[in-house]
Amino acid sequence: MNSRYAPSLGKDLLGLEQLSREQILGILDTSEPFKEISERTIKKVPLLRGKTIVNAFFENSTRTRISFEFAEKRLSADTVNFAAGGSSVSKGETLVDTARNLEAMRIDMVVIRHGSSGAPQFLAERIASNVINAGDGGHEHPTQGLLDMLTLRDHLGRLEGIKVVIVGDVLHSRVARSNIWGLRKVGAEVAVCGPKTLIPPAIEELGVTVFRRIEEAIEWGDALNVLRLQLERMKSGFIPSLREYNRIFGVTRERLERAPRDLLILHPGPMNRGVEIDSVVADGPHSVILPQVTNGVAVRMAVLYLLAGGKSESAEMARTGMES
């Protein structure tokens with residue numbers, strides 16, 4: 001595997017903006033043997049036995065937390081789930097106080113999801129444990145970007161030269177930012193499409209194309225990554241109504257049937273069915289939404305393993321049953 005020569009990730013995974021093309025491809029390549037481990041009858045290898053990982057979710061996300069838990073348990077790590085609700089954090093304890101108390105318990109890694117952009121970096125600069133960003137504010141969600149890229153590569157056979165359109169609420173999406181950084185670094189072309197109110201100003205400076213009409217985006221792309229409308233982050237005025245959004249920007253079967261080629265359909269979830277995507281599309285033959293979920297566990301296994309100092313050839317040995 002090419003990944004055995006992949007450069008080190010360093011201490012933390014805070015975003016894809018900081019990673020090189022080689023580091024990104026190294027993570028994707030290392031994910032491959034972990035995908036196969038997840039298909040076994042016994043879905044566990046001893047690669048992180050003895051390591052203690054804390055999942056510190058200051059912002060709720062059942063899907064991401066469960067995916068990390070599966071990844072940690074399949075690597076035989078000891079895991080502790082820490083939720084901010086009901087904890088001392090809600091009583092005024094600072095993020096760094098919490099982290100130092102956790103580290104005093106001799107943990108090895110922290111997976112952190114936080115509503116404030118930059119919180120994982122703030123933490124990483126103050127503790128010796130590895131820190132993995134599981135989503136911070138409107139900044140990045142690197143493992144989601146990586147699992148999206150792995151899914152695209154699985155189904156299109158490559159990443160270089162493919163055309164991916166990110167559709168919907170780009171303004172509030174950390175997933176969009178990680179996808180843009182990651183895909184551009186591996187040679188993919190990236191476009192965004194959505195209401196002007198939901199497209200960040202000057203986003204073209206990141207090297208992306210902007211489409212104002214969903215029909216143009218469908219005609220251009222090889223894949224659509226359809227984002228959820230993050231209604232909880234919006235104030236009034238971003239869109240006239242959910243029905244109007246679906247009418248103008250919804251990814252519908254009728255629109256896809258007019259596409260010049262078959263498009264892959266991705267969605268980071270959870271979905272607003274009948275708003276940004278119709279159920280018949282989400283459950284249709286071109287949807288890779290469930291493979292994204294499967295790949296999420298493999299990607300997170302790879303990230304945890306590599307940050308712990310693992311080598312990709314050892315992951316391959318574990319897959320083939322030769323791990324000592």
For this session: Please confirm whether the backbone N or O of Phe238 pairs with a side-chain atom of Thr197, one donor and one acceptor, at under 3.5 Å?
Result: yes

For this session: Show the numbers, then the answer: is there a side-chain hydrogen bond (donor to acceptor under 3.5 Å, both in side chains) between Asn130 and Asp108?
Result: CA-CA 6 Å; Asn130 305 105; Asp108 298 290; over 6 Å; no

Exercise. Counting only N and O atoms by type, is there a donor-acceptor contact under 3.5 Å from the side chain of Lys163 to the main-chain atoms of Ala188?
Worked result: no

Exercise. Is there a donor-acceptor pair under 3.5 Å between the side chain of Arg158 and the backbone N or O of Arg153?
Worked result: no

Exercise. Does a side-chain N-to-carboxylate-O contact under 4.0 Å join Arg255 and Glu215?
Worked result: yes

Exercise. Got Thr62 and Asn60 here, is their nearest side-chain heavy-atom distance under 4.5 Å?
Worked result: yes

For this session: Please examine the side chains of Ile132 and Asp12, heavy atoms only from C-beta on, and report whether any two atoms are closer than 4.5 Å.
Result: no

Problem set entry | Under 3.5 Å: donor-acceptor pair, side chain of Lys185, backbone of Glu17 | yes

Exercise. Above 12 or not: heavy atoms from other molecules or residues under 6.0 Å from CZ of Arg243?
Worked result: no

Exercise. Considering the options Thr79, Asn55, Thr52, which one meets the side chain to side chain donor-acceptor pair (under 3.5 Å) requirement together with Glu72?
Worked result: Asn55

Exercise. Side chains of Ile265 and Val288: does their closest heavy-atom pair fall under 4.5 Å?
Worked result: no

Exercise. Can you tell if the side chain of His172 reaches within under 4.5 Å of the side chain of Arg228, non-hydrogen atoms only?
Worked result: no

Exercise. With a 4.5 Å heavy-atom cut-off, do Leu159 and Met149 have their side chains touching?
Worked result: yes

Exercise. Any donor-acceptor pair under 3.5 Å linking the side chain of Ser178 with the backbone of Glu140?
Worked result: no

Exercise. Has Glu189 got more than 12 heavy atoms of other residues, nucleotides or ligands less than 6.0 Å from its CD?
Worked result: yes

Exercise. So which heavy atom on Leu307 is nearest to which on Lys11, and how close?
Worked result: CD2-O, 3.6 Å

Exercise. Do Val208 and Glu204 have side chains that get closer than 4.5 Å, going by heavy atoms?
Worked result: no

For this session: Test His286 against His155 for side-chain contact (heavy atoms from CB on, under 4.5 Å), laying out the working first.
Result: CA-CA 10 Å; His286 304 300; His155 289 83; over 6 Å; no

Seminar exercise, completed: Closest non-hydrogen contact found for Val297 with Arg74 is CG1-NH1, 3.7 Å

Problem set entry | ILVMFWY network linking Ile37 to Val293, side-chain heavy atoms under 4.5 angstrom | no

Seminar exercise, completed: Closest heavy-atom pair, Ile180 versus Ile203, reported as atoms and distance to 0.1 Å, is CD1-CD1, 4.0 Å

For this session: Please determine, by modelled atom types, if Glu276 and His267 share a side-chain donor-acceptor pair under 3.5 angstrom.
Result: yes

For this session: List the steps, then state whether salt bridge (charged side-chain N to carboxylate O under 4.0 Å, His left out) holds for Glu69 with Arg65.
Result: CA-CA 6 Å; Glu69 280 188 63; Arg65 179 179 55 78; 2.5 Å; yes

For this session: Give the intermediate values and the outcome of side-chain contact (heavy atoms from CB on, under 4.5 Å) for residues Thr30 and Leu306.
Result: CA-CA 8 Å; Thr30 307; Leu306 290 171; 3.8 Å; yes

Problem set entry | Closest heavy-atom pair and its distance - Arg273, Ala282 | NH1-CB, 4.1 Å

Problem set entry | Ring-face cation of Arg113 near Phe57 (centre distance under 6.0 Å, axis angle within 45°) | no

For this session: Report the distance from atom CG of Leu304 to atom CD1 of Ile53, rounding to the nearest 0.5 Å.
Result: 4.5 Å

Exercise. Atom CZ of Phe34 and atom NZ of Lys43: how far apart are they, to the nearest 0.5 Å?
Worked result: 16.0 Å

Exercise. Charged N to carboxylate O under 4.0 angstrom, Glu103 versus Arg100?
Worked result: no

Problem set entry | Worked verdict on Thr209 versus Val190 for side-chain contact (heavy atoms from CB on, under 4.5 Å) | CA-CA 7 Å; Thr209 303; Val190 184; over 6 Å; no

Problem set entry | Asn272 vs Ile277 side-chain heavy atoms within contact, under 4.5 Å | no

For this session: Determine yes or no for a side-chain-to-main-chain donor-acceptor pair under 3.5 angstrom, with Asp136 supplying the side chain and Gly118 the backbone.
Result: yes

For this session: May I ask you to establish whether Arg247 and Tyr245 are in a cation-pi arrangement, using a distance under 6.0 Å from NZ or CZ to the six-membered ring centre and at most 45° from the ring axis?
Result: no

Problem set entry | N/O donor-acceptor pair under 3.5 Å between Arg177 side chain and Gly138 backbone | yes

Exercise. Should the pair His114 and Phe58 be assigned to parallel (<30°), tilted (30 to 60°) or perpendicular (>60°) ring geometry?
Worked result: tilted

Exercise. Should we say atom CD of Glu205 is surrounded by more than 12 heavy atoms from elsewhere, each under 6.0 Å from it?
Worked result: no

Problem set entry | Any donor-acceptor N/O pair, Asn246 side chain to Gly274 backbone, under 3.5 Å | yes

Exercise. Val131, Phe122: one ILVMFWY side-chain cluster at the under-4.5 Å cut-off?
Worked result: yes

Exercise. Is there a chain of hydrophobic side chains (I, L, V, M, F, W, Y, each step under 4.5 Å between heavy atoms) that links Met301 to Leu290?
Worked result: no

Exercise. Are the side chain of Gln23 and the backbone N or O of Ser20 linked by a donor-acceptor pair below 3.5 Å?
Worked result: yes

Exercise. Any side-chain donor-acceptor pair under 3.5 Å between Thr151 and Asp154?
Worked result: no

Exercise. Does the side chain of Leu264 reach to within under 4.5 Å of the side chain of Leu224, using non-hydrogen atoms?
Worked result: no

Exercise. Would you say Ile127 and Ile112 are hydrophobically clustered, going by side-chain heavy atoms of ILVMFWY under 4.5 Å?
Worked result: yes

For this session: Give, for atom SG of Cys193 and atom CG of Asn225, the distance between the pair rounded to the nearest 0.5 Å.
Result: 13.0 Å

For this session: Output yes when Glu160 and Arg184 qualify as a salt bridge under the 4.0 Å nitrogen-oxygen rule, no when they do not.
Result: no

Problem set entry | Reported OG-to-CG distance for the pair Ser129 and Leu102, which is rounded to 0.5 angstrom | 8.5 Å

For this session: Starting from the C-alpha separation in whole Å, work towards a yes-or-no answer on side-chain contact (heavy atoms from CB on, under 4.5 Å) for Leu206 and Trp181.
Result: CA-CA 8 Å; Leu206 296 181; Trp181 285 116; 4.0 Å; yes

Problem set entry | Which atom of Ile199 lies closest to which atom of Leu171, heavy atoms considered | N-CB, 4.4 Å

For this session: Determine the minimum heavy-atom distance between Leu150 and Ser31, stating which atoms define it.
Result: CD2-CB, 3.8 Å

Problem set entry | Under 3.5 Å donor-acceptor, Ser116 side chain and Ala119 backbone | no

Problem set entry | Gap separating the CZ atom of Phe82 from the CG atom of Asn101, nearest 0.5 angstrom | 9.5 Å

Problem set entry | CZ (Arg253) with more than 12 external heavy atoms under 6.0 Å | no

Exercise. To the nearest 0.5 Å, what is the distance between CG (Leu19) and CG (Leu13)?
Worked result: 6.0 Å

